[in-house]
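Order of appearance sets the numbers: ligands from 1, and atoms from 1 within every ligand. Remember, predicted model here, so these are calculated numbers, not experimental data. Excluded from the calculations below are hydrogen atoms, water molecules and symmetry mates; all remaining heavy atoms, backbone and side chain alike, are included.
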Amino acid sequence: MTFWYQIVVATPAHSAVAGPLTYKSGQALAPGALVRVPLGKREVLGVVWGSLQGSGDLPESQARAIAGVLEGLPPLPATWRQLIGFTASYYQRSLGEVALAALPPQLRDLSSEQLARRLKRPVADTSYTPDAAANALSAVTLSTEQAAALAEFAADTRPALLFGATGSGKTEVYLRAAAQVLESDPQAQVLVMVPEINLTPQLQQRFETRFAHLGRERVVALHSGLTPAQRLKSWLSAHTGHARLVLGTRMAVLAPLPRLRLIVVDEEHDPSYKQQEGARYSARDLAVYRAKLETEDAGVPCRVLLGSATPSLESWQATLTGRYQRLTLNDRIDGAPTLVASRTALPPEGAARLWPGKAGSTAHADGIPSSTLVPSPDALPVKGGLPVVRRVDMNHQPKHCTVAPPLLDAITQRVARGEQSLIFLNRRGYAPVLACHDCGWKSECPHCSAFRVFHKIDRTLRCHHCGYTERVPRACPGCGNIDIAPVGRGTERLEEHLAELLAGVERPGGGPVRIARIDADSTRLKGALESQLASVHAGEVEVLVGTQMIAKGHDFRHITLVAAINPDGALFSSDFRAPERLFSLLMQAGGRAGRDARHSAASEMWVQTFHPTHPLFECLKKHDYPAFAAQQLEERQAAGMSPFGFSALIRAEAKSQDVAQGFLNAAAAAASAQQITAHDQVSAYPAVPMTIQRVANIERAQMLVESASRKALQHFLAAWQPLLFETRAQPEHKSLIRWAIDVDPIAI
Ligand code: ADP
Ligand code: ZN
Ligand code: ZN
């Protein structure tokens, strides 16, 4: 007896063989079974997608036989296959690419025997005890708000968005929601997603400890930082149902979980949930879709719980229309409600703020000239324990100063009190440009349309786009002038500058102020980040300088001041999401301050800006995300942008802009010539160069396609794909290097 199957194998995204291939077998196989099949001269891993009555379009004699079956492994669940199918079609990639990329790489190399051995490896199981379970549930007493959020969550079925500041107790809510699911069904599985696993070792520990009673190795991690063997092990554990809780990054959303009942997406607004190559999927959006699939399949709810202090505007809007449920935590745990003193009622540093009633009598007592800080309405109530935000108007500061005198004062006072400050500048290196003032030479990268950054530590000019690195020239390459100078500041220079500014200051125990820098350069070596963080935690550092790397996730207990040196760039960016990202970054950075209740009354967030009255900073000052969101949503609605409109970017790369843009415009012309379905609801704009138009000598262009209807856009893209392939195959576009579609792009 011969059986016929459609098998999905890894096909290059842009090849003619996009769908499943037909194979035969003497053995009956279930959909979702993993097999090895011959492909050309190789043997590759494949997934049984479906069965056929006969050999289909392929003459029977040409069909090849399945070479082997990975025995012992349960078939991949139907919901997994549906999810993969959806991902491939929504993000316009081939099924084979998406399916095989979602499997652990090591699976491709294992023989059936090797696999069988892995599956048999015993896991000593400490048995489940109801006592321990009860412990897990009563580990801490929930705050009223947390209890209310959980009760509301349990009473609903919609996707939920948990909105609460850093430190408001969101993670505790995730833990409880997970515990409820895991205790109520002894086989249920929970998926918890985080943006970057390396930044959250504490989180993993918290989940492991809380669920230790479920037995050994029931909590597993799944992310790209694992070795191939660890990754396979976690994946097998998830797929076989042994793992009860999977903690992972975006890739984990595509893990097979046969009894998934809850998906938590922490920091749901984080851009790293969007995959930036291959199938450019949004793991957050897929989580919501997957929960729906799993619910339909199981007949019992699989819930999704998104959480953030600064939700994506897409999720926020969904709570406004009622598509998502909104749960709110207003107060920081332990944070005693404080009053923000307005500029005219500033209490002396670190003193009177605990007694807001006295504040009025001490105007300007902290020595900040009145022109420096921006007036704001009197005594705004601030949510418990959040830092006071101070905007420094840089128009009234000494010219070219990097650290305004009042900020320097505030840092100095922190040093004297034995507290830490975190100074934040989103630019690494010493200076973004090196320039000659005589002839105007600048440190452009010869291969990119960008400047190379001056790194003083090893005296190099480095391109942050293509990596091209050279020693700093002794003299100007343009005119021979030996006086070439850095322009602007990066973290390296800021660190040096702060050391000079604080040179005369002594720390309480004696000795100079210790400054540390954390950015992609200082943490390049393995373990460097961990050891630097450890020294911050140990109090061996007074001032910490860094990029956005330090703004996220870390739980610094002794930081009472966070300052953003130069955040203005994002206010006027051509990318419509730049303000959203800046706001969220500043809120997160501010969340680093005063996590320790002892300090929270005195913690401050400083923002140096030339636009102090910008609405973004007004909202930041009030810690008012809803106001910020309302204002952004209004702008986006007027412009028909996400979440009120849907878009895709088609990117093309070639040796010249002409070729790259020519391809895009020709493909658009082909679409309008063919009057693709629903084309009237979709607009394709002319191709334009990308913001950084040349990287590593490759010219990059993009075309924006928009529609007010997600469905119309999807129809259009699906119909357009074959035309893009056809256009690509035409001789005049032969020199095109590559093209790709990005659906729901997060940066434009
Ligand atoms: P978030 O995830 O919103 O930043 P966490 O859940 O991490 O907040 O809570 C912040 C801190 O407060 C943590 O140290 C946590 O252990 C503690 N915490 C959370 N909920 C409670 C509670 N109900 N009682 C006591 N401490 C709590
Ligand atoms: Zn010169
Ligand atoms: Zn370059």
Min over Arg206, Glu172, Arg176 of heavy-atom distance to atom 7 (O) of ligand 1 lands on Arg206

Check the angle between the aromatic planes of Trp739 and Phe663 and answer parallel, tilted or perpendicular using the 30° and 60° thresholds.
tilted

So, leaving waters aside, the tally of protein N/O/S atoms less than 2.8 Å from the Zn ion (ligand 2) stands at 4

* **ligand 1 N/O within reach of Thr171 N/O, cut-off under 3.5 Å** => yes

Item to complete: Answer whether the closest heavy-atom distance between the side chains of Leu327 and Leu305 falls below 4.5 Å.
Response: yes

*Verify the distance test for His465 against the Zn ion (ligand 3): any N/O/S atom under 2.8 Å, yes or no.*
no

Q. Short check: any N/O/S atom of Cys466 below 2.8 Å from the Zn ion (ligand 3)?
A. yes

Counting from 1 in the order shown, the ligand 1 atoms closer than 4.0 Å to a non-hydrogen atom of Thr166 are 4 (O)

What one should report as the nearest heavy-atom pair of Val487 and Pro432 is O-CD, 3.3 Å

Check: of Val173, Leu142, Thr141, min heavy-atom distance to atom 22 (C) of ligand 1 comes from Thr141

Taking the side chain as everything from C-beta on, heavy atoms only, tell me whether Glu492 gets closer than 4.5 Å to His455. yes

- Query: Honestly, is Arg303 close enough over Phe153, meaning NZ or CZ under 6.0 Å from the six-membered ring centre and within 45° of the axis?
  - Reply: yes

I'd like to know whether Lys170 forms a salt bridge (Lys or Arg N to Asp or Glu O under 4.0 Å) with Asp266, so could you lay out the CA-CA distance, the side-chain angles of the two residues, the decisive distance to 0.1 Å, and finally the verdict.
CA-CA 9 Å; Lys170 293 187 297 297; Asp266 189 25; 5.8 Å; no

Tightest non-hydrogen contact, residues Arg694 and Cys445, listed as NH2-O, 4.3 Å

Numbered in order shown, the ligand 1 atoms found under 4.0 Å of a heavy atom of Ala165 are 3 (O)

Arg244 and Glu183: salt bridge (Lys or Arg N to Asp or Glu O under 4.0 Å), yes or no, with the steps?
CA-CA 11 Å; Arg244 303 289 309 283; Glu183 310 305 347; over 6 Å; no

N/O of Val140 under 3.5 Å from N/O of ligand 1, yes or no? no

Original post:
Got Phe454 and Arg459 here, is their nearest side-chain heavy-atom distance under 4.5 Å?
Top reply: yes

(request) Please determine if the Zn ion (ligand 3) has an N/O/S atom from Cys463 lying under 2.8 Å away. (result) yes

Within 4.0 Å of some non-hydrogen atom of Ser143, the atoms of ligand 1 are 23 (N)

Give the ring-plane orientation class for Tyr468 versus His447, where under 30° counts as parallel, over 60° as perpendicular and anything between as tilted. perpendicular

- Give a yes/no on ligand 1: does Ser168 have at least one heavy atom closer than 4.0 angstrom to it? yes

